[in-house]
Novice: 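My questions will all concern the structure given below.
Sequence positions, counted from 1, serve as the residue numbers for this chain.
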Amino acid sequence: MAEVFLAREALGEGMPRNDLRRWYRPMYRGVHVGRWERPTLQDRILGAHLTTGRTGVIAGVAASALHGAAWVGDAEPVEVLARNRRRQAGLIVRRDRIADDEIVRVAGLPVTSPARTAFDLGRYQQRTVALARLDAMMRAAPFDPREVATLLSRYGPVRGVRQLRELLPLVDAGAASPQESRLRLLLVDNGFPTPQTQIPVHDADGTPVAYLDMGWRELGLGVEYDGDQHRTDRAQYVRDLHRHRRLAELGWEVIRVVAEDRAADVLRRVREAFLRRGGAEIDEMAGSSRTFPPKGAFGRRSA
């Protein structure tokens with residue numbers, strides 16, 4: 001970790017002001033870091049807490065990272081609940097109410113509890129990103145949706161509660177990447193029954209063959225997102241090729257999706273397979289009638 005500190009405290013302990021200017025640079029207001037340091041997310045979280053005079057509570061995506069959630073980069077803006085709302089680059093300060101039972105300590109810092117973190121993620125993030133963040137949070141630090149519902153009742157009609165209520169029943173710890181979360185939401189938005197995630201498939205003797213990203217076991221239909229490792233890792237590619245051949249032999253049909261696929265094409269392929277394997281007719285107007293319609297392309301969007 002980098003050396004992160006309050007400048008006034010360092011000066012009070014005897015650091016020459018010239019040394020502060022020469023060897024350190026501001027991270028946030030009043031908070032400095034080594035001039036040539038490249039702060040990690042953990043460093044920036046500490047700096048965010050210090051800039052509030054050690055009174056702020058780490059929240060949102062940064063809080064999810066402290067709870068162990070994946071897919072949070074070092075450049076992610078740090079959210080903090082504090083009284084001072086003066087803008088600072090790389091910092092999101094919110095003055096939301098928070099109760100004592102919604103605060104825990106992680107790595108020595110006050111952080112929103114898993115349920116409160118979920119409450120904020122589901123309200124403040126863009127919809128598809130929000131589900132991916134909630135999935136990652138549930139995977140790393142499982143929270144009780146009933147506790148989140150209690151917070152909905154506690155705070156009433158605050159910003160984003162409609163979206164949170166809609167997403168909460170869809171949260172699934174089985175999503176292994178933001179792209180899988182987004183793909184699952186695309187299917188649900190367009191009328192498909194909520195797919196099961198991490199579906200185990202075994203040989204007749206019980207030997208594991210695969211864990212499918214998502215699908216419908218009763219139809220023998222799986223849907224998988226192929227990330228970049230499937231393209232760049234030859235050994236992984238060969239393993240997947242053999243795995244999909246074996247799945248076909250066992251009666252499974254698997255629709256494979258890549259980042260370059262358009263949403264309309266993905267939906268068409270899944271719908272055709274769904275009907276072919278005995279699924280109920282899918283309402284093709286389901287997605288277009290939503291308040292938050294799905295994007296026109298699946299594409300390369302990070303969570």
Novice: In chain order, what residues pass the salt bridge (Lys or Arg N to Asp or Glu O under 4.0 Å) check against R276, with sequence neighbours excluded?
Specialist: E253
Novice: Any non-hydrogen side-chain atom of R83 less than 4.5 Å from a side-chain atom of T52?
Specialist: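 Result no, sub-4.5 Å side-chain heavy-atom pair not found.
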Novice: Quick check on R17: does its CZ atom have over 12 non-hydrogen neighbours (other residues, nucleotides or ligands) under 6.0 Å away?
Specialist: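 Counting other residues, nucleotides and ligands, CZ of R17 stays at 12 neighbours or fewer.
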Novice: Taking side chain to side chain contact (heavy atoms under 4.5 Å, CB included) as the definition, give me every residue that meets it alongside L20, ordered by chain and number, with sequence neighbours left out.
Specialist: F5, A7, L11, M15, Y24, H32
Novice: Does anything in residues 93-103 pair up under salt bridge (charged side-chain N to carboxylate O under 4.0 Å, His left out), and if so which pairs, sequence neighbours excluded?
Specialist: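 For residues 93-103, and leaving out neighbouring residues, the salt bridge (charged side-chain N to carboxylate O under 4.0 Å, His left out) pairs sorted by first residue read E79-R94, D96-R123, D101-R154, E102-R116, E102-R154.
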Novice: Do Q125 and V61 touch side chain to side chain, with heavy atoms closer than 4.5 Å?
Specialist: yes
Novice: Would you mind reporting whether V188 and P195 have side-chain heavy atoms less than 4.5 Å apart?
Specialist: yes
Novice: Please check if V171 and L185 belong to a single hydrophobic cluster, counting links between Ile, Leu, Val, Met, Phe, Trp and Tyr side chain heavy atoms closer than 4.5 Å.
Specialist: yes
Novice: Determine, for E9 against R54, whether the closest basic-nitrogen to carboxylate-oxygen distance falls under 4.0 angstrom.
Specialist: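 A salt bridge links E9 with R54.
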Novice: Rounded to the nearest 0.5 Å, what's the gap from CD on E224 to CZ on R256? Could you check?
Specialist: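 Here the rounded value is 7.5 Å.
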Novice: I want to check something: taking the side chain as every heavy atom from C-beta on, are T112 and I58 in contact at a cut-off of under 4.5 Å?
Specialist: no
Novice: Is it true that a side-chain atom of E76 and a backbone atom of V72 form a donor plus acceptor pair closer than 3.5 Å?
Specialist: no
Novice: Under the ring-ring contact (aromatic ring centres under 6.0 Å, His included) definition, can you give me all pairs with a residue in residues 157-200, not counting sequence neighbours?
Specialist: F192-W216, F192-F274
Novice: Side chains of V4 and L50: closer than 4.5 Å at any heavy-atom pair?
Specialist: yes
Novice: Measuring from atom CZ of R133 to atom CG of D120, what distance do you get when rounded to the nearest 0.5 angstrom?
Specialist: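 Reported value, rounded in 0.5 Å steps: 14.0 Å.
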Novice: Do you reckon I92 sits in the same ILVMFWY cluster as V158, going by side-chain contacts under 4.5 Å, direct or chained?
Specialist: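 Not linked; separate clusters.
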Novice: If hydrophobic residues (ILVMFWY) are linked whenever their side-chain heavy atoms come closer than 4.5 Å, directly or via other members, who joins L275 in its cluster?
Specialist: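 So far as hydrophobic clustering goes, L275 is joined with none.
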Novice: Could you pull out the closest heavy-atom pair between M137 and L121, with the gap in Å?
Specialist: CB-CD1, 4.3 Å
Novice: Per the salt bridge (charged side-chain N to carboxylate O under 4.0 Å, His left out) rule, what does the pair list look like for residues 140-153, sequence neighbours excluded?
Specialist: D144-R146
Novice: Any non-hydrogen side-chain atom of L91 less than 4.5 Å from a side-chain atom of R29?
Specialist: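 With C-beta onward as the side chain, the pair stays apart.
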Novice: To which residues is V57 joined in a hydrophobic cluster, defined by side-chain heavy-atom contacts under 4.5 Å among Ile, Leu, Val, Met, Phe, Trp and Tyr, whether direct or through other members?
Specialist: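 Once heavy-atom contacts under 4.5 Å are chained together, V57 belongs with L81, I98, I103.
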Novice: Holding to side chain to side chain contact (heavy atoms under 4.5 Å, CB included), I want the full list of residues that pass it with R217, two or more places apart in sequence or in another chain.
Specialist: Q196, I199, P200, W252
Novice: Are side-chain N/O atoms of S64 and T117 paired as donor and acceptor at under 3.5 Å?
Specialist: no
Novice: Which residue pairs satisfy the ring-ring contact (aromatic ring centres under 6.0 Å, His included) criterion with at least one member in residues 104-149, sequence neighbours excluded?
Specialist: F119-Y155
Novice: Please enumerate all residues that pass salt bridge (Lys or Arg N to Asp or Glu O under 4.0 Å) together with D19, with sequence neighbours excluded.
Specialist: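 D19 satisfies salt bridge (Lys or Arg N to Asp or Glu O under 4.0 Å) with no residue once adjacent residues are dropped.
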Novice: Heavy atoms, side chains only, cut-off 4.5 Å: are L187 and L267 in contact?
Specialist: yes
Novice: Show every ring-ring contact (aromatic ring centres under 6.0 Å, His included) that has at least one partner inside residues 78-99, sequence neighbours left out.
Specialist: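 For residues 78-99, and leaving out neighbouring residues, there are no ring-ring contact (aromatic ring centres under 6.0 Å, His included) pairs at all.
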Novice: For residues 206-214, run the donor-acceptor check on the side chains, cut-off 3.5 Å, and write out each pair with its distance to 0.1 Å, sequence neighbours left out.
Specialist:
{"residue": "T207", "atom": "OG1", "partner": "D205", "partner atom": "OD1", "Å": "2.8"}
{"residue": "T207", "atom": "OG1", "partner": "D205", "partner atom": "OD2", "Å": "3.3"}
{"residue": "D213", "atom": "OD2", "partner": "Y225", "partner atom": "N", "Å": "2.9"}

